[in-house]
Amino acid sequence: MSLVKLSIKGISYSQTQNGAYALILNEVDGERKLPIVIGAFEAQSIAIALEKEIKPPRPLTHDLFKNFADRFDIVVKQVIIHKLVDGVFYSSIICERDKIEEIIDARTSDAIALAIRFNAPMFTYKNILDKAGIYLKANPLETDAASQEIDDILSNPETFGHTPESNESGNTYAKHSLQELNELLQQAVEHEDYEKAAKIRDEISKR
């Protein structure tokens, strides 16, 4: 089976289901998107890794893993989304230490959060993309139709047992200016309120 390289297009927050996020992966040499439902914590961790300017005062779980791996000369070479069963994606992290390669099973959201931190490429198999890939011509954060399509996908989060702590809607920060949003973002990071920071970042991205 041939591998298809993926990149991260963005993270979409459900307007109808509190605490539900969809990580949108993009086919590098094509137009299909692979939406993966993830929990709030994983969405925050991925968003913070993508936002290079945000430096948490203390390492998040995935940052700790990265620091631990660096200390013991472990390198994440690539991540492969290798299986899709009943709407749940299964992934493997390909690691290397002393020229010995190891394959570690992982939740897809964790695998991608680590891939970003290690600048490792992400892949899936063509048959998985054929089965679960969709076409989103517009930015899912910009059109009502696309947002509804994402909301339809956000039904079975990959992270089971997660209870959202916030009931704020995705439009809470729409009334703020861009300068105010950046100030609020910095304050949220300083107070380690990463769920709030992720929502503010989403609003900034929409601008």
Looking at every non-hydrogen atom in both residues, tell me the closest pair between [X] and [Y] and how far apart they are.
| X | Y | answer |
| --- | --- | --- |
| Ile128 | Lys83 | CD1-N, 3.4 Å |
| Ala132 | Leu84 | CB-CD2, 3.7 Å |
| Lys77 | Pro121 | O-CD, 3.2 Å |
| Ala106 | Ile93 | CB-CD1, 3.7 Å |
| Pro56 | Ile48 | CG-CG2, 3.8 Å |
| Ile200 | Ala188 | CD1-CB, 4.4 Å |

Would you check if Tyr125 and Leu3 make a side-chain contact, meaning some heavy-atom pair closer than 4.5 Å?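 SC-SC contact between Tyr125 and Leu3 confirmed.
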
Are the side chains of Val88 and Arg107 in touch, meaning some heavy atoms are under 4.5 Å apart?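 Not touching, per the 4.5 Å side-chain cut-off.
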
Separation between [atom1] of [X] and [atom2] of [Y], rounded to the nearest 0.5 Å:
| X | Y | atom1 | atom2 | result |
| --- | --- | --- | --- | --- |
| Glu42 | Tyr21 | CD | OH | 11.0 Å |
| Ile38 | Asp110 | CD1 | CG | 9.5 Å |
| Ile134 | Ile24 | CD1 | CD1 | 6.0 Å |
| Leu185 | Leu178 | CG | CG | 10.5 Å |
| Leu25 | Ser7 | CG | OG | 7.5 Å |
| Ile94 | Ile103 | CD1 | CD1 | 4.5 Å |

Run the numbers on Asp63 and Arg117 for side-chain contact (heavy atoms from CB on, under 4.5 Å), then give the verdict. CA-CA 8 Å; Asp63 297 319; Arg117 287 164 168 82; 2.6 Å; yes

Any chance CD of Glu101 has more than 12 other-residue heavy atoms, nucleotides or ligands included, within less than 6.0 Å?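 More than 12 within 6.0 Å, yes.
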
Would you indicate whether Ile104, at its atom CD1, is surrounded by more than 12 heavy atoms from other residues, nucleotides or ligands within a distance under 6.0 Å?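 Atom CD1 in Ile104 is crowded, with more than 12 foreign heavy atoms closer than 6.0 Å.
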
Does the pair Ser109 and His62 meet the rule for a side-chain contact (heavy atoms from CB on, under 4.5 Å), with working shown? CA-CA 11 Å; Ser109 52; His62 297 109; over 6 Å; no

Can you label the angle between the Phe118 ring and the Phe65 ring as parallel, tilted or perpendicular, going by 30° and 60°?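 Because their plane-to-plane angle is over 60°, the rings of Phe118 and Phe65 count as perpendicular.
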
Given Ile116 and Ile46, is the side-chain contact (heavy atoms from CB on, under 4.5 Å) satisfied, shown in steps? CA-CA 8 Å; Ile116 299 169; Ile46 291 170; 3.6 Å; yes

One pair to check against side-chain contact (heavy atoms from CB on, under 4.5 Å): Gln187 and Leu184. What are the steps and the verdict? CA-CA 5 Å; Gln187 291 172 12; Leu184 288 171; 4.0 Å; yes

Determine the sole option in Lys9, Lys33, Glu31 for which the side-chain hydrogen bond (donor to acceptor under 3.5 Å, both in side chains) test with Asn26 is passed.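 Filter result, single survivor: Lys33.
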
For Ile74, which fellow cluster members are found when Ile, Leu, Val, Met, Phe, Trp and Tyr are connected by side-chain heavy-atom distances below 4.5 angstrom, either directly or through intermediates?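 Cluster partners of Ile74: Phe68, Phe72.
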
Inspect the contact between Asp29 and Lys5 and indicate whether a charged nitrogen and a carboxylate oxygen are less than 4.0 angstrom apart.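 Looking at Lys5 and Asp29, the cut-off is not met.
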
Would you call Arg32-Asp130 a salt bridge at under 4.0 Å N-O?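 The answer is yes: the pair qualifies as a salt bridge.
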
Would you confirm whether Thr124, through its side chain, and Ile81, through its main-chain N or O, come within 3.5 Å as a donor-acceptor pair?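 Looks like yes, one N/O pair under 3.5 Å.
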
